[in-house]
Amino acid sequence: MSLEVRCSVIPAAGKGTRMYPLTKSVPKELFPLVDRPVIMTVIEEARRCGIEQFHVVTSPRKPALRDFFTNADCESNPQDLPLPQVDLVMQEQARGLGHAVLQARDYVGEQPFVVQLPDDLYHPEDPLLQTMLDVHAVTGGCVVALMEVSAAEAKLYSSARVEPVELGAAAAGHGVFKLADIIEKPEADQVRSPYALMGRYVLDSRIFEILAQTPPGRNNEIQLTDALAAFAEIPVKEGGGVWGVVSRGRHFDTGNLSGYLQAQMELSLENPDFGAHLREYMRGLAGSPDGPGAAPTSTESAAGQGGKAGAC
Ligand code: UTP
């Protein structure tokens with residue numbers, strides 16, 4: 001039986017270059033998602049699983065993130081979101097995800113912990129993280145989220161050799177695999193399986209010792225994947241091993257603009273206060289001759305082709 005998981009590390013010190021120029025002044029973790037910043041949706045996901053302690057790894061280049069967590073004054077402003085206990089952990093330079101997680105070592109101590117990448121967003125009704133915690137209670141070691149991807153997409157993620165395991169009720173209908181031979185962003189001939197590692201992890205604190213000794217890998221960054229590959233080598237009877245839980249719910253990659261806008265649209269349309277009104281509004285737009293998808297007017301099509309409206 002493994003220890004209860006009480007805290008989450010949220011690495012948020014990356015540069016967000018895929019979202020430039022938006023992220024030049026506003027960290028992507030603070031982008032609005034319907035009625036709250038993205039990072040609050042991630043925090044709420046963990047709170048639904050009973051986690052109340054958060055270590056947000058941030059960077060000196062992101063003072064807005066520090067301000068968000070330190071200037072909250074719920075009593076004087078009833079509109080403010082109630083904040084849980086959040087420690088801000090500084091990563092002076094963006095040296096990779098593994099390096100970011102390592103910065104939280106003294107805050108976490110010797111207990112198992114969750115890592116949530118805030119640009120990887122799961123729908124609020126998705127029980128993935130709770131299932132990962134339930135699986136971890138049975139397996140110990142480390143548990144990661146998996147998603148089935150196409151062969152073309154596999155090179156963008158981490159890949160692992162997988163072997164199915166039967167965990168009964170703990171798996172809550174999710175596929176669970178034991179992982180081996182984990183590799184970061186494989187070349188086409190190195191892809192191990194159709195499953196890629198996603199941005200949710202339940203980690204054994206011994207991962208810190210491994211991270212401290214992990215040399216820079218792909219992109220010259222210290223990769224969490226490389227440390228997981230080493231952890232997978234530790235025998236299960238010594239508390240080692242890495243397991244993967246397959247995500248079945250809706251997932252958004254909010255680290256790129258398209259994924260962020262999809263999350264914004266889907267969650268806005270589901271909002272109990274104004275979702276119905278928005279759906280009506282969008283139906284109107286789609287039905288209107290000037291709405292999205294409407295055929296270009298002769299003026300637009302002439303201009304689009306470099307022609308002059310009205311010229312013949
Ligand atoms: P990403 O590589 O997806 O995010 O890292 P990024 O670096 O911010 O984005 P791009 O690629 O430049 O657009 C995954 C998560 O790990 C954090 C990021 O903030 C993101 O939440 N991270 C990454 C760190 O905290 N520190 C790092 O050195 C690298």
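Here, residue 1 is the first one in the sequence, and each next residue gets the next number. The model shown is predicted, which means the values in this text are computed figures rather than measured ones. Just so you know, ligand 1 is whichever comes first in the structure, and atom 1 is the first atom listed for that ligand.
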Side-chain heavy atoms of L129 within contact of V114, under 4.5 Å: yes

Using side chain to side chain donor-acceptor pair (under 3.5 Å) as the criterion, list what pairs up with E45, not counting sequence neighbours. Q116, R200

If we number the atoms of ligand 1 from 1 as shown, the ones under 4.0 Å from a heavy atom of Q91 are 24 (C), 25 (O), 26 (N), 27 (C), 28 (O)

Purely on distance, is any nitrogen or oxygen of V57 under 3.5 Å from one on ligand 1? no

Is K28 in contact with ligand 1, taking contact as a heavy-atom separation below 4.0 Å? yes

Consider only side-chain N and O atoms of H123 and E270, and report whether a donor and an acceptor are under 3.5 Å apart. yes

Out of curiosity, is G255 lining ligand 1, as in a heavy atom under 4.0 Å away? no

Less than 3.5 Å between some nitrogen or oxygen of G14 and one of ligand 1, yes or no? yes

For R47 and E52, what are the C-alpha separation, side-chain angles and deciding distance, and is it a salt bridge (Lys or Arg N to Asp or Glu O under 4.0 Å)? CA-CA 6 Å; R47 293 183 93 179; E52 285 295 336; 3.1 Å; yes

Could you tell me whether some N/O pair between G16 and ligand 1 is separated by less than 3.5 angstrom? yes

Where at least one partner belongs to residues 12-27, residue pairs that pass side chain to side chain donor-acceptor pair (under 3.5 Å), sequence neighbours excluded: none

Kindly confirm or rule out an N or O of M19 lying under 3.5 angstrom from an N or O of ligand 1. no

If you count the atoms of ligand 1 from 1 in the order shown, which ones are under 4.0 Å from a heavy atom of P118? 21 (O)

Considering both backbone and side-chain atoms of K62, is one of its nitrogen or oxygen atoms within less than 3.5 Å of a nitrogen or oxygen in ligand 1? no

Qualifying residue, where the test is side chain to side chain contact (heavy atoms under 4.5 Å, CB included) with T225 and the options are E184, R218, K185: E184

In the protein, which heavy atom is nearest to atom 12 (O) of ligand 1, and how far is it? T17 OG1, 2.6 Å

Protein heavy-atom partner closest to atom 28 (O) of ligand 1 - residue, atom, separation in Å: G96 N, 2.8 Å

Polar atom proximity, L97 to ligand 1 (N or O, under 3.5 Å): no

Which class fits the ring pair F208 and F113: parallel under 30°, tilted 30 to 60°, perpendicular over 60°? parallel

With respect to R95, determine whether any N or O atom, backbone or side chain, lies less than 3.5 Å from an N or O atom of ligand 1. yes

Answer yes or no: does atom CD of Q213 have more than 12 heavy-atom neighbours from other residues, nucleotides or ligands under 6.0 Å? yes

Numbering as shown, the atoms of ligand 1 that approach A94 to under 4.0 Å (heavy-atom distance): 28 (O)

At what distance is the nearest protein heavy atom to atom 5 (O) of ligand 1, and which residue and atom is it? D119 OD2, 4.3 Å

Quick one: nearest non-hydrogen protein atom to atom 13 (O) of ligand 1, plus distance? R18 N, 2.7 Å

Ligand-residue contact atoms, ligand 1 with A100, heavy atoms, under 4.0 Å: 24 (C), 25 (O), 26 (N)

